[in-house]
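Below you'll find the structure, written out as C-alpha cells, and then a few comments.
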Amino acid sequence: YKNPHYAPGRTTMVHLFEWKWDDIAVECERWLGPRGFGGVQISPPNENLIIWSRNRPWWERYQPMSYRLITRSGNEQQFANMVRRCNNVGVRIYVDAIINHMTGHAEENVGTGGSTANFGEWHYPAVPYGRNDFNWPHCVIDSSDYVNDAHRVRNCELSGLKDLNQATEHVRRMIVNYMNHLINLGVAGFRIDAAKHMWPSDLRIIYNRLNNLNTAHGFPSGARPYIYQEVIDLGGEAVSRNEYTPIGAVTEFKFGLELSGAFQRNNQLRWLVNWGTPWGLLASNDALTFIDNHDNQRGHGAGGNILTYKQARPYKGAIAFMLAHAYGFPQLMSSFVFDDTEAGPPMDRSGNIISPAINSDNTCGNGWVCEHRWRQIYSMVVFRNVAGNAPMTNWWDNGSNQIAFCRQGRGFIAFNNDSWNLNQNLQTCLPAGTYCDVISGQRNGNNCTGKRITVGNDGRAIISVGSNDYDMMLAIHVGSES
Ligand SMILES: O=C(NCCCOc1c(-c2ccc(O)c(O)c2)oc2cc(O)cc(O)c2c1=O)[C@@H]1CCCN1C(=O)/C=C/c1ccc(O)c(O)c1
Ligand SMILES: [Ca+2]
C-alpha cells in the first residue's frame, strides 16, 4: 500500500485541486505526460452537497451525499475517459476518498447528482445509509478531545458531519464497492481523507478488501492500491500517525511546516544537513510529502505559516528542496487564485467551474495558478526523475543560509537565502561538461537561456547565486548539458 505504482522514471504527483475531468485528461496529454509527472490527485469524484448559502465553498466537495460519480468536475463517463487517457501517457490517477462521514450541513439538502437526503434522520437513500450505519450515541468532537480522547475523535462528529460506523458490515460494503468501482476504472490509489477520525483496525479490513489494480491500465498483476492517509498530527494529540503507518503511507504535515519555516529564515538552511527522520519526520517510505495542501494553504488544519504560491520566491525554493532531496514521496499543489479562504474554484453564474486558460508562455489564466506549469517547478520534477535513487552526497554550507548538495552522479543543486552573494568553487559530482541551469532558464539547442555552468574533470565548478537573483537556487543535472 506504500508504492504509488508510477510508470518507470516518474516520481512526483500533482494535486489538480477542483479541476474538471475533461481538463485533466487534456493536461495529462499536453503537459503532465510529456514533462514526466507521475500522477494526479483529483478532487473527490463522489456526489457532494450543493452549498449555495456559502456561494459554493471549496469544502462543499468534502460534504458527501452519495458515492455516485457526479460532481462539478464531471460524470462517470468523463471520469473513466480521464483515467484511460492519463494512464495511456504514463500519468496515474489518485482519488481523494471521503469515507469517514456524510454531509450534515443544515441549510441545503440536494447533491451535485440531484440526490436528496434527510440528515436529521441520518437517511441517505442514494447510497443507501440509515441510522444504524452511523455512530451513536450522537456526539460532537470538542477541540479538547484531540488532546485527551482518541475514542471521541473517531466516534463523534467532525464539525456537523454525520459520522459513519466503519465497524458495521453494510458501511464497509458500501465503501469497498465505491473504491473497487474506481479501481476497476483504472485508478492507482487513494488519499484517505480524515483518516485520524477512523479506527486503523476498520481501515485495515477495508483496504484488504480492495481489488488489485487493473492490469488493463498497465499495472503489474497483484499490484495493491497506493494508500496515503490524511493524519494531521504535529505531536501532542491523543491520536498518533504511527497508528496508521502499519496499514499505509501517511501525509507528513511536519515536512511542509518545517521547510516553510526554513525558507522564511526562521531556521538557517544549514540545519537541513540531516533533513529526514532526525527532524522527527516519518520514515521516508511512509511519507507523502508536500509544502502546502488545499487545506493548510488557507490557514486551516496544520497551523503555522505555510508557504504558498502567494510567497512565490521562497515557495519555489522550498519546492526545489523537496524535489531535489531524496526523502519521501512528494506531491505538488496546483491551486486556483483565492483571497477569501472559503472561496471555491472560478465559476460562471450558474455555478459551472471555468476551465483554466493556457497562455502562450504555458502559464495558466482564468483564475488558475498552475504551479505545476512554473518553469522552476516542472524543471525540478525532471531533476527528481533523473536523480532516481542516487544518494545524497557532498553537502556544503556556509554556516548560514547557503547550502549545496549532490544526487551523486545525477544532479547538483545550490541555494542562497543569505543577503549576500554565493560565489564558490564546489563539487557537483557530475561528469565534466557544460550544463544549463534549469532554474534561471533552460537548454535551447546548444545554448542556455539562463546560467551556464562548466564542470571540470574533477567535478568542480564555479557556482554563483546572487542574493538578488530572480530565484534563490541553481540546479544542473545529467540531461541538462548545453
Ligand atoms: O471551520 C471549518 N471546519 C471546522 C474546522 C476544520 O475541521 C475539519 C477537518 C479537520 C481539521 C483539522 C484537523 O486536525 C482534523 O483532524 C480535521 O477535516 C475535515 C474533513 C472533511 O472531509 C470535511 C470537513 O468539513 C472537515 C473539517 O471541517 C470549515 C467549515 C466547514 C468545513 N471547514 C473546514 O475547515 C474544512 C476543512 C477540511 C476539509 C477537507 C480536508 O481534507 C481537510 O483536511 C480539512
Ligand atoms: Ca469517524
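Quick caveat: nothing in here was measured; it's all calculated off a predicted structure. All heavy atoms count here, side chains included; hydrogens, waters and symmetry mates do not. In each ligand, atom 1 is the first atom listed, and ligand 1 is the first ligand listed.
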- Metal proximity, Asn165 vs the Ca ion (ligand 2), N/O/S cut-off 3.0 Å: no
- Query: Name of the His197 N, O or S atom nearest the Ca ion (ligand 2)?
  - Reply: O
- At a non-hydrogen distance cut-off of under 4.0 Å, which region of Asn293 contacts ligand 1 (side chain, backbone, both, or neither)? neither
- Would you say His197 touches ligand 1, if touching means a heavy atom closer than 4.0 Å? yes
- Is the distance from the Ca ion (ligand 2) to the nearest N/O/S atom of Asp163 under 3.0 Å? yes
- Looking only at N/O atoms, are Glu237 and ligand 1 under 3.5 Å apart anywhere? no
- Item | Any N or O of Arg191 closer than 3.5 Å to N or O of ligand 1 | yes
- Message: Any N/O/S atom, side chain or main chain, of Arg154 closer to the Ca ion (ligand 2) than 3.0 Å?
- Response: yes
- Any N/O pair Glu342/ligand 1 closer than 3.5 Å: no
- Message: At under 4.0 Å between heavy atoms, is it the side chain or the backbone of Tyr62 that contacts ligand 1, or both, or neither?
- Response: both
- Compute the shortest N/O to N/O distance between His101 and ligand 1 and return yes if it is under 3.5 Å, no if not. yes
- Query: Is Val140 close to Cys156 at the side-chain level, that is, under 4.5 Å between some pair of heavy atoms?
  - Reply: no
- Note on the structure: Checking heavy atoms under 4.0 Å, the part of Trp58 that sits near ligand 1 is side chain
- Just checking, Arg92 and Phe219: is the charged tip under 6.0 Å from the six-membered ring centre and within 45° of the axis? yes
- Message: Cation-pi check for Tyr378 against Arg373: NZ or CZ below 6.0 Å from the six-membered ring centre and within 45 degrees of the axis, yes or no?
- Response: no
